[in-house]
2 protein chains.
Amino acid sequence: MNVAGLSLRDLEYAVAVAEQRHFGKAAERCAVSQPSLSAQIRKLEDTLGIALFERTSRRVLLTQQGEAVIRQARVVLEEARRLLTVARGTEGTLTGTLSVGAIQTLGPYLFPHALPVMRRHLPNAQLVLSEGRTEGLLEELREGRIDAVLLSLPIDTEGLATEALFFEPFLLAHPAGHRLEDLPSIGLKDLDPNELVLLEEGHCLRDQALVACGATARGMRHATGLETLRHMVAAGTGYTLMPRLAAGEGTTVGGLVAYRKFEGDAPGREIGLVWRASDPRAPGFRDLAQRLREAPPPGMRPV
Amino acid sequence: MNVAGLSLRDLEYAVAVAEQRHFGKAAERCAVSQPSLSAQIRKLEDTLGIALFERTSRRVLLTQQGEAVIRQARVVLEEARRLLTVARGTEGTLTGTLSVGAIQTLGPYLFPHALPVMRRHLPNAQLVLSEGRTEGLLEELREGRIDAVLLSLPIDTEGLATEALFFEPFLLAHPAGHRLEDLPSIGLKDLDPNELVLLEEGHCLRDQALVACGATARGMRHATGLETLRHMVAAGTGYTLMPRLAAGEGTTVGGLVAYRKFEGDAPGREIGLVWRASDPRAPGFRDLAQRLREAPPPGMRPV
DNA sequence: CACATTCATAGATATATCCTATGGATTTGT
DNA sequence: ACAAATCCATAGGATATATCTATGAATGTG
């Protein structure tokens with residue numbers, strides 16, 4: 001079998017099916033009809049002489065061989081995309097569509113500040129933003145569905161490249177009028193784990209808060225998102241650690257939430273930009289990180 | 001521009017043109033008509049938005065951008081071929097067509113011994129052999145036109161992987177009846193650079209002989225190949241260093257050439273197997289090297 | 001100046017890909 | 001248990017793409 005018998009389009013179809021685990025959705029993503037996509041997948045399977053997918057008309061599964069083939073297909077497609085950037089002479093720069101993800105406890109608060117910076121620095125890029133949790137975002141990043149992620153460091157950097165941007169302190173967010181207001185200054189040791197409210201599992205902020213407070217999670221109240229968490233504080237359920245960026249102007253829920261800095265070495269998290277180590281646009285990402293570092297949002301500390 | 005608009009077939013066409021610098025020959029190699037190939041190349045250039053080749057109806061040149069694109073096209077094709085081996089489940093093994101090159105001063109003398117070993121060890125491979133000089137062979141290797149090379153180490157290993165096989169001593173080849181026959185034993189110091197005959201430039205053996213004898217090449221007689229060199233010795237032009245494998249049975253040119261071992265630490269060269277570091281068949285090459293090491297031709301010394 | 005070489009063009013044909021419509025199998029909801 | 005919904009496969013016809021042969025135009029060569 002000659003390599004010329006393969007089609008990059010078919011590989012894209014196969015990767016789409018592998019990711020969506022659904023022929024119809026994959027077809028939609030590839031902008032073809034489902035029968036066309038089915039036919040091409042079948043042709044590809046014939047060409048390779050193996051079954052890539054197990055179809056049970058109700059669910060689509062990757063065969064074991066299929067998994068290995070899809071992994072390699074992603075490599076082929078990445079190199080082919082790179083060919084296009086080489087041809088454009090824009091290798092190493094950020095142009096065209098650029099998908100940037102951010103963790104949910106950061107994106108909505110950082111993007112309003114960072115987007116103008118990014119737009120100015122990357123006038124030739126179309127930015128596509130998304131949000132998720134660390135684990136999901138890194139999977140999407142590794143699979144090439146997104147190009148870069150803004151998240152809290154450190155992470156498992158296997159196959160990834162990282163640039164630290166700044167240190168974001170945590171503030172104490174407590175119900176207005178809470179007895180903690182009487183203290184002249186607040187340290188982590190003043191917190192009572194029983195009064196702590198957290199995000200649900202999977203959010204890195206949850207784990208960081210637990211570590212900072214030296215507490216364990218058992219039996220603790222939890223919220224599904226940062227805004228829910230804020231409203232739980234407003235409702236008097238307890239207090240929590242709030243990232244500085246999420247505690248800006250007009251975030252007191254009508255005065256029901258109060259924020260306070262910690263004395264001494266404040267808890268917080270390091271925010272960084274992450275991309276695939278294999279991405280040829282590394283210099284562009286490093287430039288971008290530098291710009292973001294030079295224009296940090298108010299309240300951030302340099303790393 | 002989407003990656004799906006690219007065709008692997010077109011990339012193969014382009015690589016073929018880049019290598020042959022000739023549309024007709026490239027078409028032949030790709031088993032299509034020349035107009036078809038021309039049309040596809042033109043389409044590819046349109047797709048990429050750049051000119052890959054400069055055609056002056058008399059010669060075909062790669063443009064500067066074309067060079068970068070072809071380099072990347074080779075990467076894409078290599079990864080695509082790898083996809084096929086992954087699908088076949090034969091990754092890491094040597095199957096299918098295997099092109100092996102050897103330097104000219106080694107191939108004709110080593111292959112008769114090594115080929116049976118290789119055939120037995122790789123029953124599923126079709127071996128294609130070629131000969132050349134170190135520089136040319138390594139270029140072909142890097143470009144993927146051949147898969148492995150047998151040559152004299154050390155070499156510049158940038159991007160290549162190497163396994164040493166054995167040490168091949170050099171013998172002294174002198175005209176029968178030469179006065180050196182009177183010496184009870186021979187060392188390098190007994191040689192007179194003025195009587196030395198060498199291969200022409202480009203042969204690694206030439207350089208090795210010069211280094212071994214501590215001589216410079218100026219004004220020296222030279223031969224275009226090892227057999228020519230042997231006949232120059234037979235004709236009494238002088239003596240030379242002959243690789244052990246090239247001095248086997250029946251190589252005395254009717255008794256006109258005599259071979260003699262050197263006393264002490266004999267000069268010689270280390271023979272090794274080289275392949276692309278990026279080649280996924282590395283384990284297969286290492287296995288092959290091990291087999292060749294275990295069954296060295298007579299007179300070779302282990303490394 | 002005739003001739004060979006070499007890439008491009010033209011027109012016809014074959015192949016590959018795609019779409020819409022529909023079928024059959026399985027799961028879900030009532 | 002039965003109707004509805006979901007989902008992949010198949011069929012047939014339309015379109016796009018790739019390929020071939022024959023030929024032309026440009027550039028060197030003897």
Side-chain angles (χ1 to χ4, degrees), chain A residues 1-63 66 69-70 73 77 80, chain B residues 1-63 65-66 69-70 73 76-77 80:
Chain A
M1 178 54 213
N2 193 320
V3 71
L6 288 179
S7 152
L8 289 170
R9 184 172 23 75
D10 294 351
L11 295 187
E12 280 211 324
Y13 290 172
V15 167
V17 172
E19 278 173 9
Q20 313 279 15
R21 308 197 161 246
H22 191 291
F23 278 65
K25 284 180 191 142
E28 192 177 357
R29 193 176 105 182
C30 297
V32 287
S33 69
Q34 169 264 315
S36 288
L37 180 133
S38 284
Q40 292 309 104
I41 295 284
R42 172 180 292 276
K43 188 201 64 169
L44 178 62
E45 288 179 320
D46 285 353
T47 302
L48 297 178
I50 59 175
L52 297 176
F53 304 103
E54 227 177 279
R55 296 91 146 157
T56 65
S57 104
R58 204 58 200 173
R59 61 168 44 78
V60 176
L61 294 176
L62 251 181
T63 63
V69 169
I70 294 296
L77 290 170
Chain B
M1 179 52 214
N2 193 323
V3 71
L6 287 179
S7 152
L8 290 170
R9 184 172 22 77
D10 294 351
L11 296 186
E12 280 212 325
Y13 290 172
V15 168
V17 172
E19 279 174 9
Q20 313 279 15
R21 314 207 153 233
H22 191 290
F23 278 65
K25 285 179 190 145
E28 191 178 356
R29 194 175 103 181
C30 297
V32 287
S33 69
Q34 170 264 315
S36 285
L37 180 134
S38 283
Q40 292 308 104
I41 295 284
R42 172 181 291 275
K43 188 201 63 169
L44 178 61
E45 288 179 320
D46 286 352
T47 301
L48 297 178
I50 59 175
L52 297 176
F53 304 104
E54 227 177 280
R55 296 92 147 156
T56 66
S57 104
R58 206 60 200 173
R59 60 168 44 78
V60 176
L61 293 175
L62 252 181
T63 63
Q65 296 169 298
V69 169
I70 295 296
V76 175
L77 291 171

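Letters A, B, ... are given to chains in the order of the sequence lines, protein chains preceding strands, and every chain is numbered from 1. Below, each value reflects all heavy atoms present in this structure, side chains not excepted, and no hydrogens, waters or symmetry copies. Treat the numbers as computed from the prediction; the structure is a model and nothing was measured.
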Strictly below 4.0 Å: does [X] bring a side-chain N or O up to OP1 or OP2 of [N]?
X	N	answer
B:H22	C:dT5	no
B:R9	C:dA16	no
A:S38	D:dC8	no
B:R42	C:dT9	yes
B:Y13	D:dT19	yes

TODO: Please check if atom NZ in A:K43 has more than 12 non-hydrogen atoms from other residues, nucleotides or ligands closer than 6.0 Å.
DONE: yes

TODO: Could you tell me whether B:E28 atom CD has more than 12 heavy atoms of other residues or ligands within 6.0 Å of it?
DONE: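 Counting other residues, nucleotides and ligands, CD of B:E28 stays at 12 neighbours or fewer.
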
What does [X] touch in the nucleic acid at a heavy-atom separation under 4.0 angstrom: a base, only the sugar-phosphate, or nothing?
X	result
B:Q40	sugar-phosphate
A:F53	nothing
B:S33	base

Task: Exam field: side chain B:E45 to backbone B:L52, donor-acceptor pair closer than 3.5 Å - done: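 Pair found, side chain donor or acceptor close to backbone of B:L52.
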
Taking [atom1] from [X] and [atom2] from [N], how many angstroms apart are they, rounded to a whole number?
X	N	atom1	atom2	answer
B:L37	D:dA18	CG	C1'	12 Å
B:L44	D:dA18	CG	C1'	14 Å
A:Q20	D:dT6	CD	P	17 Å
B:R55	D:dA25	CZ	P	19 Å
A:L52	D:dC8	CG	P	15 Å
B:D46	C:dA8	CG	C1'	14 Å
B:D10	D:dT17	CG	P	12 Å
A:E28	D:dT6	CD	P	14 Å

Nearest to side-chain heavy atoms of [X], which nucleotide of [options]:
X	options	result
B:F23	D:dC8, C:dT17, C:dC7	C:dC7
B:P35	D:dT19, C:dC18, C:dT9	C:dT9
A:Q34	D:dC20, D:dA18, D:dA9	D:dA9
A:K43	C:dA8, D:dC8, C:dT17	C:dT17

- [ ] Evaluate the side-chain contact (heavy atoms from CB on, under 4.5 Å) criterion for residues A:L44 and A:L6: first the C-alpha distance (whole Å), next the side-chain angles of each, then the deciding distance (0.1 Å), finally the verdict.
- [x] CA-CA 7 Å; A:L44 178 62; A:L6 288 179; 3.8 Å; yes

Open item on the list: On DNA chain C, does the nearest nucleotide to B:R21 precede the nearest nucleotide to A:S7 from the 5' side, or the other way round? Give the residue.
Closed with: B:R21

Open item on the list: Looking at every non-hydrogen atom in both residues, tell me the closest pair between A:A4 and B:E12 and how far apart they are.
Closed with: CB-OE1, 3.7 Å

- [ ] Given side-chain contact (heavy atoms from CB on, under 4.5 Å), test B:F53 with B:T63 step by step and report yes or no.
- [x] CA-CA 5 Å; B:F53 304 104; B:T63 63; 5.7 Å; no

